Each structure stands twice: as C-alpha cells, then as structure tokens.
Novice: 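Before anything else, here's the structure in question.
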Amino acid sequence: MNQILADRLKHLQDSIGQACARAGRSEKSVRLVIVTKTAPPELVKDVIRLGGVELGESRAQRLTQIAAEINTFLSENADQPDIPKAVHWHMIGHLQRNKVKTILKHCRMIQSVDTLRLAEEINTCAYKMGIHTDILLQVNCSGEPQKYGVPVGASLHLAEQIATMPNLRLTGLMTMAPLTKEADRVRACFARAKEVFEDIRAEKIAGAKFKHLSMGMSQDYQIAIEEGATMLRIGSALFA
Ligand SMILES: *Cc1c(COP(=O)(O)O)cnc(C)c1O
C-alpha cells in the first residue's frame, strides 16, 4: 500500500467534506475526478487500489496509452478484492479534432468541448462506433483570451446546437479559473459558470441529464465547492 498517497487522499477527502459542510452541501453532491496526468503508471495503479475510479487526463496520446495500460492491469488483477472491474476516464484538456477517434473508446466523458466543429466530430465518430458520448461544454469564465472555452456570451447558443446532436449527451459545464492567487477573481469566475449552468437548466436546453458543473482544482476546489461545483478535477494535491 502506498501510505503517502493514502494519507493525501484521505486528507483531500476530509477537506472536501469540510468545505461541503461549510457550504451546507451534502458530500455526495460533489464528485472527485483524480487527474493523473503527472503520475507515473504505478501511482495511477496505487490510486485505483485506494478506490479512485474517476480519472482525468489532459492529453489525448497520454490518455490512450495510460487507459490501455490500466485496462491490462485491471484484467490481470480481476481476482483481487481491492481492484475495481473498470475505471472511467475523463478527457479534460484541449482536444484536437483529429485525436477524437483515438480517445473515444477509452473515454467516459469529454469535458473540454468548446467549439461546434469539435462537437460535430465527436458526434460523427460516436455515431460510427454506435455509442453515445457524455460531454461537458467548456466555458471560459475567466475572460482571459488565451484560455480555451466558449465565451460566456456564446455558450447558450452552442449548448442548443450541441443538444441536437443525437450521439452526444450534454451533461453539464466545465470551467477553469484564471491563474491567479486572487481569491475574488477565482470566485467571480466560478459564480459566472454557475449562472450559465443555471441558465441552461432553466431554458431546458439539455433536459434533466444536464447536472454536472466541473470546476475546482488543487488550488481552488474549496471556493469551487462554495460556488456550486458538482465535480472537482484534482491532481497535484495528490501527486505533486
Ligand atoms: C491539470 C488539470 C487539472 C488538475 O490541476 P491540479 O492543479 O493538478 O489539481 C484540472 N483540470 C485541468 C483541465 C487540468 O489540465
């Protein structure tokens, strides 16, 4: 057992629980996606042994490689009680259209959909594979021009377009806070994302399955919980 990782995970889960309590929210209302992009495969296996099944990667090539390696690991250890039957991979980083095909069969969810063309490519590939893919619309709430994500003002319209694509399931929004230590700016960004999230729900654009608000990383997950995150994406707090 990897005791250091076990301690970090326990500490993180306790801290998430405390933030939920402060915000008057149930712990069950917040899901943790463990971002493994900096972790060597052995550490990814350790975190799976500790119960991590929702895993995130930000680069397509790494996702296909690590997912394949972990699949082998899971099937070779299928008789062990602490090894789950399957894990779920989330694509959380910028995705080029020519990489969609290679990651699709490994992905439970693509969180970084921010253009019509990317959504169309995922829909086409999913159709050819005979599957439906869960996606999140990535919204740029920081206003920083270099960041990926659809601008807030264009997000409802893009959500409407995506909601018509038969092989996509639009299940929520994802956003990233600006790179800053100013908590007020981080909070304003998350609050903005929550507003867009509630607008899309109120307009009934994607129905009841639209329920995930993915925001909050190692540095800012407590603020994200206070502002209504339902999904956190955390890496360095566990693996740094
Ligand atoms: C790396 C990454 C994370 C995790 O960030 P940490 O600071 O390591 O917790 C979350 N979301 C995205 C999109 C990332 O690329």
Side-chain angles (χ1 to χ4, degrees), residues 4-5 7-16 19 30-41 43-44 46-47 50 52-67 87-96 99-100 103 106-115 118 122 134-150 155 171-183 185-187 189-190 192-194 197 212-240:
I4 294 173
L5 188 61
D7 290 347
R8 285 183 181 177
L9 186 59
K10 171 84 169 59
H11 179 265
L12 176 63
Q13 284 162 340
D14 287 349
S15 167
I16 291 170
V30 180
R31 196 182 296 183
L32 173 62
V33 175
I34 297 173
V35 178
T36 54
K37 66 188 182 194
T38 63
L43 273 187
V44 181
D46 286 346
V47 89
L50 291 166
V53 289
E54 303 292 332
L55 307 174
E57 282 288 337
S58 62
R59 286 175 44 242
Q61 194 185 355
R62 158 85 179 181
L63 193 149
T64 42
Q65 283 170 356
I66 192 85
V87 296
H88 305 146
W89 292 99
H90 297 247
M91 177 62 184
I92 61 171
H94 179 61
L95 179 58
Q96 290 171 306
K99 300 278 171 60
V100 168
I103 68 158
H106 298 291
C107 268
R108 163 58 61 105
M109 178 185 278
I110 300 177
Q111 299 203 4
S112 45
V113 178
D114 61 352
T115 64
L118 177 59
I122 300 168
D134 283 6
I135 64 154
L136 303 183
L137 183 62
Q138 182 177 355
V139 179
N140 179 350
C141 295
S142 72
E144 291 177 325
Q146 74 278 20
K147 281 261 179 71
Y148 296 113
V150 60
S155 52
T171 59
L173 298 184
M174 185 269 257
T175 200
M176 285 175 85
L179 277 176
T180 172
K181 290 208 155 45
E182 294 170 52
R185 285 181 58 209
V186 172
R187 188 178 297 282
C189 169
F190 289 156
R192 196 84 188 85
K194 171 76 170 170
F197 178 73
H212 299 301
L213 182 54
S214 173
M215 58 187 192
M217 320 196 325
S218 296
Q219 297 306 318
D220 53 25
Y221 66 88
Q222 288 161 330
I223 301 174
I225 290 169
E226 288 164 16
E227 297 303 325
T230 68
M231 204 180 262
L232 312 171
R233 309 177 310 270
I234 296 185
S236 53
L238 295 172
F239 300 115

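Just so you know, these numbers use all the heavy atoms, side chains as well, and skip hydrogens, waters and symmetry mates. Worth saying up front: this structure is predicted, and the values here are computed from it rather than measured. Numbering of ligands and ligand atoms starts at 1, following listing order.
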Novice: For A237, is there any backbone N or O sitting under 3.5 Å from a side-chain donor or acceptor partner on S218?
Specialist: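 Pair found, side chain donor or acceptor close to backbone of A237.
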
Novice: What pairs of donor and acceptor atoms, side-chain ones from residues 31-39 against any protein atom, are under 3.5 angstrom apart with sequence neighbours left out?
Specialist:
{"from": "T36", "atom 1": "OG1", "to": "G56", "atom 2": "O", "distance (Å)": "3.3"}
{"from": "T36", "atom 1": "OG1", "to": "E57", "atom 2": "OE2", "distance (Å)": "2.5"}

Novice: Kindly check if the number of other-residue, nucleotide or ligand heavy atoms within 6.0 Å of CD (E226) is above 12?
Specialist: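 Counting other residues, nucleotides and ligands, CD of E226 exceeds 12 neighbours.
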
Novice: Restricting to non-hydrogen atoms, name the atom on A67 and the atom on H106 that form the minimum distance, rounded to 0.1 Å.
Specialist: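 Closest approach of A67 to H106: CB-ND1, 3.6 Å.
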
Novice: When you look at CZ of R59, are more than 12 heavy atoms from neighbouring residues, nucleotides or ligands closer to it than 6.0 Å?
Specialist: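 Check fails, neighbour count at 12 or below.
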
Novice: Can you give me a line-by-line list of nitrogen or oxygen pairs between ligand 1 and the protein shorter than 3.5 Å?
Specialist:
{"from": "ligand 1", "atom 1": "7 (O)", "to": "S236", "atom 2": "OG", "distance (Å)": "3.3"}
{"from": "ligand 1", "atom 1": "8 (O)", "to": "S236", "atom 2": "N", "distance (Å)": "2.8"}
{"from": "ligand 1", "atom 1": "8 (O)", "to": "S236", "atom 2": "OG", "distance (Å)": "3.1"}
{"from": "ligand 1", "atom 1": "9 (O)", "to": "S218", "atom 2": "N", "distance (Å)": "3.0"}
{"from": "ligand 1", "atom 1": "9 (O)", "to": "S218", "atom 2": "OG", "distance (Å)": "2.5"}
{"from": "ligand 1", "atom 1": "9 (O)", "to": "G235", "atom 2": "N", "distance (Å)": "2.8"}
{"from": "ligand 1", "atom 1": "11 (N)", "to": "R233", "atom 2": "NE", "distance (Å)": "2.9"}
{"from": "ligand 1", "atom 1": "11 (N)", "to": "R233", "atom 2": "NH2", "distance (Å)": "3.4"}
{"from": "ligand 1", "atom 1": "15 (O)", "to": "K37", "atom 2": "NZ", "distance (Å)": "2.7"}

Novice: Is atom CZ of R108 surrounded by more than 12 heavy atoms (other residues, nucleotides or ligands) closer than 6.0 Å?
Specialist: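 Not buried by this count: 12 neighbours or fewer within 6.0 Å.
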
